[in-house]
Amino acid sequence: MPERTATIASRSGLHARPAALFAEAAGNAGVDVTISMQGEPADEALDAASILSLMTLGAAKGDVVVLRADGDGADQALDSLVALLETDLDAE
Amino acid sequence: MQNFPGVGVSPGRIIGTIRQMPKPISEPPAGEQLPAGVTAEDATAALKTASQAVHDELKARAAHATGDGKAVLEATALMAKDTMLIKGAAKLVARGVSSERAIWESGSSVSEMLHNLGGYMAERATDVLDVRARIVAELRGVPAPGIPASNTPFVLVAEDLAPADTATLDPNKVLALVTAGGGPQSHTAIIARSLGLPAVVAAVGVDQLPDGMEVYVDGAAGTITAEPDESLRAAAEAWAATASLLAEFSGTGATADGHLVPLLANVGGGKDAEAAAKLGAQGVGLFRTEFCFLERDTEPSVEEQAAAYKSVFDAFPGKKVVLRTLDAGADKPLPFLTDSTEPNPALGVRGYRTDFTTPGVLDRQLEAIALAEKQSEADVWVMAPMISTAEEAARFASMCADAGIKTPGVMVEVPSAALTAEAILREVGFASLGTNDLTQYAMAADRQLGPLAALNTPWQPAVLRLVGLTVEGSRAEGHNKPVGVCGEAAADPALAVVLTGLGVSTLSMTARSLAAVAAVLKTVTLAEAQDLAKLALSAPSATEARAWVREKLPVLNELGL
């Protein structure tokens, strides 16, 4: 299954507005995407399109997360989601 | 023209169309099952459709919002169709639970989880509950709860408003507040005065008026008129002209003959205090410190409290700021201080009394106040709420002395404190009359109850007599200790004249009312105010007391107050 790591760039972490923007993008990705903190087992990964899951993940700026997805277009979807996480969304 | 009489609680004459506040969404009963003939698949599909509809509605509202409000609405919209929330509900539906009950329970567990995470997540826990109520409303086919969304300003009609509604009430969208229930001291009245919106409470029947109907609201006379005629339109236009004159306060409260009555502001925090200073308040007569504590599960640290207090002190350098120590209990519960199972919270462990059951919190608050005072230039006075005896006053004074606070005082809200004011004032430096609670306790009438609105007015001669007795107690004590008023009564310009006549030395009110009170006060001499106080005391009823005094103050009608 394709997977990518990404370092959270937003100052407030994956909370509030950055979480909303990311959850929305993950929901529109066309494939099911999961997210977990680096080093956590894949079967405990959370739904990346769920803002409530993202909030419970509690990823802060500088934390490394793992995104996973399967199926057609998974690689492209993961690439664009990684780019989103590595942008400081609070700065926009 | 159909007329609905109520109780006017905030002046202003305005014409607008009605929007009814939807009833709160009731909890679907525990154990509610899917109706016969509805499969779990159908119910889950209906749930998803409803959640999508709520998402779309919130998303559309976010498009019109700006700043923090927009971010919160966008995040809330996503919560409405969140897989965690919906999957949790779908599992329950698969076991035969009704879709309404399922989303209710799923929302509870998600909200509790966020709550337990603390910090920013805990603040979002209530958003999940809001989303849950909206989905249940959608499933039931009833209007979403909360203040209606509208692009055009409207007259908000409700049964009563809760403190939480203030946060979502946009003063640019609401022209006036009208409630079928509530009394003159209800939250609706307090919210309306603080926002400067005309308001009428306890107007029976208004909750039956249809959305979109045009009405005339007179917040001074206390009437709502359906389908207003030309004369009422002219009255509303005339008010718009005088209202701008009533927005300015010179910064010195005095009678026509120069008897000074400092006009102070009631504030809840730093922002309020800055706004009050801009409106010319001569100091703060009531700083409600519990607003720094509300919605907290645990007690804020001494440093955190000190910072919050200092933000208020800094708005009034060199001026008087009177803090009221934590007034939790009854309608303002705090999880770490109050017992929510009390059968009669208004008569329970509240205000100063929480020190009996949870000692330490008050000591630490006094420590924080003393710390903030050292770092600021305000003249800080501190008073305890719900003092009933001279013994309690003495104990509070010694606690203040231990903390290094120079000017301790008491609130006079319990009738026993008014009756023993002389003995109480021997122990402390000042007294401040909280007329809202003093009225509720003197009349034995819950201030939130619409049917008791007529009893629950500070115009009751019994209440005015208690005010007079407190002033007499101060005179008998012999050191000319100040007796102020910091209840809603001080914001009523006619009553402000009566209170001045009774010998009250300062009046503290919502800052929006300062200009109107000052304008009326400067039209009477102290001797005239004393005559009006005697007249009010001699009235057989609150209605007559008010009518007799108003008749002698023609300026009220000229100003539309």
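In what follows, every chain begins at residue 1, and chains take the letters A, B, ... in the order their sequences are listed.
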Colleague: Looking at residues at least two apart in the chain, or sitting in another chain, which of them share a side chain to side chain contact (heavy atoms under 4.5 Å, CB included) with A/Ala69?
Modeller: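 Side chain to side chain contact (heavy atoms under 4.5 Å, CB included) check on A/Ala69 returns A/Val31, A/Val33, A/Ala74, A/Leu78.
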Colleague: Could you list the residues that satisfy salt bridge (charged side-chain N to carboxylate O under 4.0 Å, His left out) with A/Asp70, not counting sequence neighbours?
Modeller: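 Per chain and number, A/Asp70 pairs via salt bridge (charged side-chain N to carboxylate O under 4.0 Å, His left out) with no residue.
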Colleague: Nearest 0.5 angstrom please: A/Leu67 CG to A/Thr5 OG1, how far?
Modeller: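 Going from CG on A/Leu67 over to OG1 on A/Thr5, the span is 8.5 Å.
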Colleague: With rounding to the nearest 0.5 Å, note down the distance linking CG in A/Leu85 to CD1 in A/Ile8.
Modeller: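 Output value for this atom pair is 4.5 Å.
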Colleague: Given heavy-atom pairs under 4.5 angstrom as the criterion, report whether the side chain, backbone, both or neither of B/Ile86 touches chain A.
Modeller: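 Neither part.
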Colleague: So, do A/Ile35 and A/Leu54 sit near enough that their side-chain heavy atoms are less than 4.5 Å apart?
Modeller: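 Result yes, sub-4.5 Å side-chain heavy-atom pair found.
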Colleague: Taking atom CG as the centre, does A/Asp43 end up with more than 12 heavy-atom neighbours from other residues, nucleotides or ligands that are less than 6.0 angstrom away?
Modeller: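 Counting neighbours around CG of A/Asp43, more than 12 heavy atoms of other residues, nucleotides or ligands fall under 6.0 Å, so yes.
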Colleague: Could you tell me which residues satisfy side chain to side chain donor-acceptor pair (under 3.5 Å) with A/Glu3, sequence neighbours excluded, listed by chain and number?
Modeller: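 A/Glu3: side chain to side chain donor-acceptor pair (under 3.5 Å) contacts with A/Arg68.
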Colleague: Heavy-atom distance under 4.5 Å to chain A: side chain of B/Leu78, backbone, both or neither?
Modeller: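 When you check distances to chain A, atoms from both the backbone and side chain of B/Leu78 fall under 4.5 Å.
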Colleague: Taking donor and acceptor roles from the modelled atom types, list the N and O pairs under 3.5 Å across chain A and chain B.
Modeller:
residue	atom	partner	partner atom	Å
A/Ala16	N	B/Tyr120	OH	3.3
A/Glu24	OE1	B/Lys59	NZ	3.0
A/Glu24	OE2	B/Lys59	NZ	2.8
A/Asp47	OD2	B/Thr83	OG1	2.5
A/Ser50	OG	B/Asp82	OD1	2.5
A/Ser50	OG	B/Asp82	OD2	3.0
A/Ile51	N	B/Asp82	OD2	2.7
A/Leu52	N	B/Asp82	OD2	3.0

